[in-house]
Amino acid sequence: MVEERKGFRLSRRLLLGAAVVGGAALWGGTTVARLARGPSGQKNTGRVVDIDGIPLPLEPLATSPAFDPSLPWSAKGGAINDASGLSMTPVYGVVEVREEDDIARALAFARANGLKVSVAAVRHSMGGHAFDDNALVLDLRKFNKISVDAAARTMTLQPGACWHDIQNLLHPRFAVKAMQSTDIFSVGGSLSVNAHGMDHQAGSVAGSIRSMRVMLADGSVTTCSLSENAELFRHVVGGYGLFGVVLEATLDIVDNAVYRTSRDIIKSDDFPTFFAEVLEPNRTIGLFYGHLSTAPGNFLEDMIVYRYDKVAEQPPPDQPDIGEPGGVGLKRVIMNLAKWGSLFQELKWFTEKTLEPKFESCTVARTAAMGEGEACLVTRNNPMHDSVPYLFNDLRDETDILHEYFIPRAAYNPFIAEAREILRKQSLPVLNASVRIVHKEDIALNYAPEPAYSLVLYINQPTDADGNARMRELTRALIDLTIRHGGRFFLPYQLHYTGKQLLASYPELPSFLAKKRQYDPAELFSSTFYRALKGLSGTA
């Protein structure tokens, strides 16, 4: 009898243990599957409702004009959002542009009916930059023709063309001169923010533009460049779609050079010296980017410097097509786990620092490497051909937000030290921190009036009111820090700044807005972002 009872107790324990293990395995498998899952659709999680106390939503139109049946509408009414998922905005309708005449007729319809017009493509800005309440939205994604002039070493593009497709067309002979560090954006969007990326020598996209054709608010078309209609050029580039619709742009292209990849692990404090002594004077280093650690043990202290040293002007004749990113599911799981706390942040940093080099993909055969031995060789197009699919997920109650801060180069170390303390004391997970190089720019709304380093942050937040409040508090603290060090913040992101911060960073804003009204007296081109600029500057 006693033995039977012991056996019964043992079996019950085994059963309980098996249930716990099985439940844990089931939970783990379900959780990993959820974290690895790609997006099932647009995240629509509400709207940031004000900027510095100024309400952003507008009342619906008192009388909505009838839709012109001759225009190619993809939506009549409805709402639109951006990459943040936090800008859900009701619009009058969306015109799917395929031809230049679609734009001209849509502008004429808007002028005749008192509608505002917004210009949109992939909508990766995060503060209503590409649409507005009750606006007629021009969706340019299918206005995307590309042509290449090999002799002139240029390409002429419609604004809806995506950098991913452009690279596929240029490869293997040519490559893009200047673009962001990922290729998910449209040309029109890149021009509208004056984007910059991995080529620290080429600088921003403004420096690669030969000329642009632009349709103004009255329907007229003009050409502008650094030497022709230069004032308009300086306002269209970095002008957030407020001065006209870019019909086409002619940009420089470069050879698809072969690079030897390498990485250096340094202290963040040593980066200014490393840049001045290693990166800047070495003209054979074609691309570079720096990743700062976001692990708690060395937060913003250690940096991996990725560099690409040129070894040949052209790849071998048998160069394959550009590969797509691999290991997407695993990378997405690691990125999403990093939102869960210190242990997983340390895992993410260990993966990047230690494991990634062991799985690095070389795209040029070593036998064609011009005597570079065991070097890993890639073409210029390969590292610039990253659509970062692992950053997009199906976690519906959260979103990931970009920040970027431009700092005079002499202020880098004290700025990073203070940013480190601000970020450590707040609760939102910092998923990524990168350093970029920007040159002195010459555009009207200028983020870099002098050479600068930029700190790019990728930060996770809940999409509820508390998450928005915490992100607003953090954003304002980082902007105040940036201003104290003589820098500026980048405008394509969430509308969390104050009027005082905006004018301190962009004292030329009143002049920019006055010039906007000169080119567009009726303010036909508008956006939530434009109304925010006017409201904060006192010119609404």
Side-chain angles (χ1 to χ4, degrees), residues 39-51 54-61 64-68 71-98 102-103 105-107 109-110 113-144 159-160 162 184-193 239-242 245-246 392 394 396 398-402 463 468 491-496 523-534:
S40 57
Q42 168 75 51
K43 288 186 182 182
N44 291 316
T45 49
R47 184 177 188 179
V48 174
V49 297
D50 77 284
I51 181 166
I54 301 171
L56 294 174
L58 296 177
E59 293 295 325
L61 294 173
S64 186
F67 292 94
D68 182 345
L71 287 172
W73 301 99
S74 62
K76 296 179 179 180
I80 200 168
N81 214 324
D82 57 32
S84 73
L86 293 170
S87 301
M88 178 64 77
T89 301
V91 298
Y92 170 77
V94 180
V95 170
E96 186 177 75
V97 174
R98 292 177 182 266
D102 295 337
I103 301 172
R105 291 187 295 114
L107 296 189
F109 174 76
N113 290 278
L115 295 171
K116 300 297 185 184
V117 174
S118 297
V119 185
V122 293
R123 305 195 304 274
H124 273 282
S125 292
M126 294 183 168
H129 297 70
F131 43 82
D132 199 9
D133 296 69
N134 312 318
L136 186 161
V137 178
L138 299 177
D139 183 348
L140 303 180
R141 286 176 294 177
K142 293 185 178 178
F143 189 51
N144 59 1
C162 178
I184 57 179
F185 308 100
S186 68
V187 170
S190 298
L191 296 176
S192 75
V193 303
Y240 295 89
L242 298 174
V245 183
V246 175
F392 306 113
D394 205 33
R396 311 303 294 179
E398 63 176 53
T399 188
D400 303 321
I401 301 299
L402 277 166
T463 53
N468 288 332
L491 291 170
Y493 303 127
Q494 286 189 298
L495 306 180
H496 283 329
E523 298 177 290
L524 178 73
F525 297 113
S526 188
S527 63
T528 305
F529 169 69
Y530 176 55
R531 288 193 292 110
L533 293 185
K534 291 198 299 177

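FYI, the numbering just counts along the sequence from 1. Atom set for the values below is all heavy atoms of this structure, side chains included, hydrogens, waters and symmetry mates excluded.
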Do Ile184 and Phe392 come within less than 4.5 Å of each other through their side chains, counting heavy atoms only? yes
Exam field: side chain Asp394 to backbone Ser40, donor-acceptor pair closer than 3.5 Å: yes
Taking Asp139 for the side chain and Arg141 for the main chain, is one N or O donor matched with an acceptor at less than 3.5 Å? yes
Note, Thr45 side chain near Thr399 side chain (heavy atom, < 4.5 Å): no
With side chains defined as the heavy atoms from C-beta onward, is the minimum distance between Arg47 and Pro57 less than 4.5 Å? yes
Does His129 reach the main-chain N or O of Gly189 with its side chain, forming a donor-acceptor pair under 3.5 Å? no
Residues Arg105 and Asp68 bridged, charged N to O under 4.0 Å: no
Which heavy atom in Gly46 sits nearest to a heavy atom in Asn81, and how many Å separate them? O-ND2, 4.3 Å
Side-chain contact, heavy-atom cut-off 4.5 Å: Leu56 with Thr89? no
Testing the basics here: between Ser64 and Tyr92, what is the closest heavy-atom pair and its distance to 0.1 Å? OG-CE1, 3.4 Å
Is Lys116 close to Arg531 at the side-chain level, that is, under 4.5 Å between some pair of heavy atoms? no
From CA spacing to verdict: side chain to side chain contact (heavy atoms under 4.5 Å, CB included), Leu242, Ser527: CA-CA 8 Å; Leu242 298 174; Ser527 63; 4.1 Å; yes
How many angstroms lie between atom CD1 of Ile51 and atom CD of Gln494, to the nearest 0.5 angstrom? 10.5 Å
So do Leu402 and His124 actually touch side chain to side chain, heavy atoms under 4.5 Å? no
Using only atom types and a distance under 3.5 Å, with no angle test, would you say the side chain of Asn113 pairs donor to acceptor with the backbone of Ala66? no
Going by atom types alone, do Asp132 and Thr528 pair a side-chain donor with an acceptor below 3.5 Å? yes
Are the charged groups of Asp102 and Lys142 less than 4.0 angstrom apart, N to O? no
Looking at Leu71 and Ala106, what are the two nearest heavy atoms and their distance? CD2-N, 3.7 Å
Are Phe67 and Phe109 close enough, and set up right, to give a ring-ring contact (aromatic ring centres under 6.0 Å, His included), and what steps lead you there? CA-CA 9 Å; Phe67 292 94; Phe109 174 76; 7.6 Å; no
Write down the atom of Ala130, the atom of Ser118, and the distance for their closest heavy-atom approach. O-CB, 3.4 Å
Tyr240 vs Phe529 aromatic rings, parallel, tilted or perpendicular, using cut-offs 30° and 60°? tilted
Leu495 and Val48: side chain to side chain contact (heavy atoms under 4.5 Å, CB included), yes or no, with the steps? CA-CA 8 Å; Leu495 306 180; Val48 174; 5.5 Å; no
What's the shortest heavy-atom distance between Ser125 and Asp82, and which atoms? O-CB, 3.1 Å
Does some side-chain heavy atom of Trp73 sit less than 4.5 Å from a side-chain heavy atom of Val95? yes
First locate atom CZ of Phe143, then atom OG of Ser186, and finally report the distance between them rounded to the nearest 0.5 Å. 12.5 Å
Any side-chain heavy-atom pair from Val117 and Leu107 closer than 4.5 angstrom? yes
Distance-minimising heavy-atom pair for Ser87 and Gly128: OG-N, 3.9 Å
Given side chain to side chain contact (heavy atoms under 4.5 Å, CB included), test Leu115 with Leu61 step by step and report yes or no. CA-CA 9 Å; Leu115 295 171; Leu61 294 173; 3.8 Å; yes
